[in-house]
Student: 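Pasting a structure below so you can have a look.
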2 protein chains.
Amino acid sequence: MNLPPLIQAFVLHFGEMGSRWGINRTVGQVYAVIFLANRPVCADDLVDAVGVARSNVAMALKELQSWELIRLKHVPGERRDYYGTLDDIWAIVRKLVEQRKRREIDPTLTVLRELLMQSPASEEERFAQERMQEMHGVIELLTGWYDDIERLETERLVQLLSLGSKIVKALEWKDKLFVAKGGRGKPKAPGDGTAERP
Amino acid sequence: MNLPPLIQAFVLHFGEMGSRWGINRTVGQVYAVIFLANRPVCADDLVDAVGVARSNVAMALKELQSWELIRLKHVPGERRDYYGTLDDIWAIVRKLVEQRKRREIDPTLTVLRELLMQSPASEEERFAQERMQEMHGVIELLTGWYDDIERLETERLVQLLSLGSKIVKALEWKDKLFVAKGGRGKPKAPGDGTAERP
DNA sequence: CTGTTACTTCAGAAAATTCTGAAAATCCAG
DNA sequence: CTGGATTTTCAGAATTTTCTGAAGTAACAG
């Protein structure tokens with residue numbers, strides 16, 4: 001590995017975090033190098049920078065492309081493939097959330113829907129299904145919120161995030177009005193996951 | 001493994017998802033069994049339910065306790081340790097988010113802060129530090145929002161989530177007022193991660 | 001064509017993680 | 001104390017994941 005100290009420290013950290021983030025060390029390090037680079041980066045640069053086999057770099061690049069976190073960027077007059085991250089940091093955040101939702105949440109939502117269709121064959125199963133219903137309810141609420149928010153322009157999104165819970169003031173002022181109009185979804189419908197456990 | 005079909009399907013799914021969620025199969029399955037159970041569950045029940053070695057169940061329970069996702073629940077007149085999940089599904093969601101933030105984000109925030117203290121020794125490092133600054137900015141904004149929101153009562157939280165992007169209407173109405181008062185943070189300050197990449 | 005450069009694939013090696021069974025420690029009842 | 005029930009620990013086995021080097025494929029310049 002052959003990088004300036006500041007960059008190397010960041011790259012090593014991304015490598016260590018990789019396993020917690022559901023990617024492996026090489027993928028983490030490769031992404032870090034591309035993220036910090038002020039120009040597109042090719043496979044040879046990466047072999048040099050992270051010090052692993054070329055084939056391993058190829059795998060990491062494939063993985064990062066499957067996440068849509070890096071993009072091919074052709075450099076004029078170069079035969080090799082160069083890669084860069086998404087341009088804007090918010091585009092990166094959006095993509096990360098989108099992909100993790102797709103990989104970590106959507107499959108469970110599908111399974112829950114299937115299992116909630118079936119009829120319980122015992123009291124044990126009936127109770128279990130109730131719990132699944134609760135889980136389904138919160139996931140629907142959270143992903144529904146995400147689907148809604150994700151469409152906002154970045155400027156609006158940043159505005160919203162900056163407000164934090166101050167937004168609740170608005171809710172308090174407009175409480176009855178909003179509730180009367182009905183928000184997205186039916187938060188008080190039975191079995192929507194908002195009920196307390198007995 | 002010895003469970004009713006509906007429950008077994010859910011438990012197997014949790015096992016498969018385990019690796020994507022950063023826990024292992026046994027931990028996933030053990031949690032699923034406890035989550036669906038109608039009553040506190042002991043180690044023997046789990047050995048029976050998921051069909052792995054007792055020591056493996058003990059490890060899984062320790063792991064789940066370190067996540068604070070399960071709790072010891074003493075059953076009167078029983079010597080063995082019984083476990084249950086947090087009572088309310090929203091408490092579970094909150095705990096999950098809290099723990100994943102702690103494990104997946106906080107360490108990076110610490111490293112970023114350290115590296116941003118240092119002086120870049122080259123143009124390459126200067127640019128890299130700019131990127132780290134962008135990353136630091138978005139993480140601060142997102143975690144700041146989380147710290148704020150996380151304190152809301154569940155009822156308010158559900159209300160907020162149900163509204164989704166309808167809340168932006170409120171922003172639009174009150175736009176200048178809120179901005180004048182100043183939201184949490186300084187979304188337009190330079191180097192806060194909201195700038196576009198050149 | 002032919003030789004060079006670059007990317008991809010893949011079988012097996014290496015490393016990391018998970019799992020087990022046995023032994024040790026703990027806890028309580030009598 | 002003593003004995004049984006229960007939990008914890010841990011070394012090594014089993015499994016899974018990651019990584020490498022070599023071979024294969026593709027693209028292109030001359």
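Fair warning: this is a prediction, and the values are worked out from it, not measured in the lab. So that the names make sense, note that chain A is the first sequence line, chain B the second, and so on, each numbered from 1.
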Student: For B:Glu114, what residues pass the salt bridge (charged side-chain N to carboxylate O under 4.0 Å, His left out) criterion, not counting sequence neighbours?
Tutor: none

Student: Going by the rule side chain to side chain donor-acceptor pair (under 3.5 Å), which residues pair with A:Trp21 if we only count those two or more places apart in sequence or in a different chain?
Tutor: none

Student: With A:Arg113, which residues qualify under side chain to side chain donor-acceptor pair (under 3.5 Å), at least two apart?
Tutor: A:Glu140

Student: Is the closest side-chain heavy-atom distance between B:Ser19 and B:Arg25 below 4.5 Å?
Tutor: no

Student: Could you tell me which residues satisfy salt bridge (charged side-chain N to carboxylate O under 4.0 Å, His left out) with A:Glu104, sequence neighbours excluded, listed by chain and number?
Tutor: A:Arg100, B:Arg100

Student: By a strict heavy-atom criterion of less than 4.0 Å, which residues belonging to residues 11-32 of chain B are in contact with DNA chain C?
Tutor: B:Asn24, B:Arg25, B:Thr26

Student: Measure across A:Phe10 and A:Leu36 and return the closest heavy-atom pair with its distance rounded to 0.1 Å.
Tutor: CD2-CD1, 3.4 Å

Student: Give the first and the last nucleotide of DNA chain C, reading 5' to 3', that has any atom under 4.0 Å from a heavy atom of chain A.
Tutor: C:dT5 to C:dC10

Student: Applying salt bridge (charged side-chain N to carboxylate O under 4.0 Å, His left out), can you list everything that pairs with B:Arg54, at least two apart in sequence or on another chain?
Tutor: B:Asp44

Student: Among residues 43-54 of chain B, which ones have heavy-atom contacts with DNA chain C below 4.0 Å?
Tutor: B:Val52, B:Ala53

Student: For every nucleotide of nucleotides 22-30 of chain D, 5' to 3': is a protein heavy atom under 4.0 Å from its base (B), only from its sugar-phosphate (S), or from neither (-)?
Tutor: -----B---

Student: Would you kindly give the CG-to-P distance between B:Asn56 and D:dC10, to the nearest whole Å?
Tutor: 16 Å

Student: Which residues pass the side-chain contact (heavy atoms from CB on, under 4.5 Å) test with B:Leu12, sequence neighbours left out?
Tutor: B:Met1, B:Gln8, B:Gln29

Student: Within less than 4.0 Å of OP1 or OP2 of D:dT7, is there a side-chain N or O belonging to B:Lys62?
Tutor: no

Student: Sequence neighbours excluded, which residues qualify as salt bridge (charged side-chain N to carboxylate O under 4.0 Å, His left out) partners of A:Lys62?
Tutor: none

Student: So, A:Arg71 versus A:Thr85: side-chain donor-acceptor pair below 3.5 Å or not?
Tutor: no

Student: I want to check something: taking the side chain as every heavy atom from C-beta on, are B:Tyr83 and B:Asp81 in contact at a cut-off of under 4.5 Å?
Tutor: yes

Student: Looking just at side-chain N and O atoms, do A:Arg126 and A:Gln129 make a donor-acceptor pair shorter than 3.5 Å?
Tutor: no

Student: Show me, pair by pair, the donor-acceptor contacts under 3.5 angstrom made by side chains of residues 91-99 of chain A, not counting sequence neighbours?
Tutor:
from	atom 1	to	atom 2	distance (Å)
A:Arg94	NH1	A:Glu150	O	2.8
A:Arg94	NH1	A:Leu152	O	3.3
A:Arg94	NH2	A:Leu152	O	2.8
A:Arg94	NH2	A:Thr154	OG1	3.2
A:Lys95	NZ	A:Glu68	OE1	2.9
A:Gln99	OE1	A:Arg102	NE	3.4
A:Gln99	OE1	A:Arg102	NH2	2.9
A:Gln99	OE1	A:Arg103	NE	3.4
A:Gln99	NE2	A:Trp67	O	3.2

Student: Write down the distance between CD (B:Glu78) and P (D:dT6), rounded to a whole number of angstrom.
Tutor: 8 Å

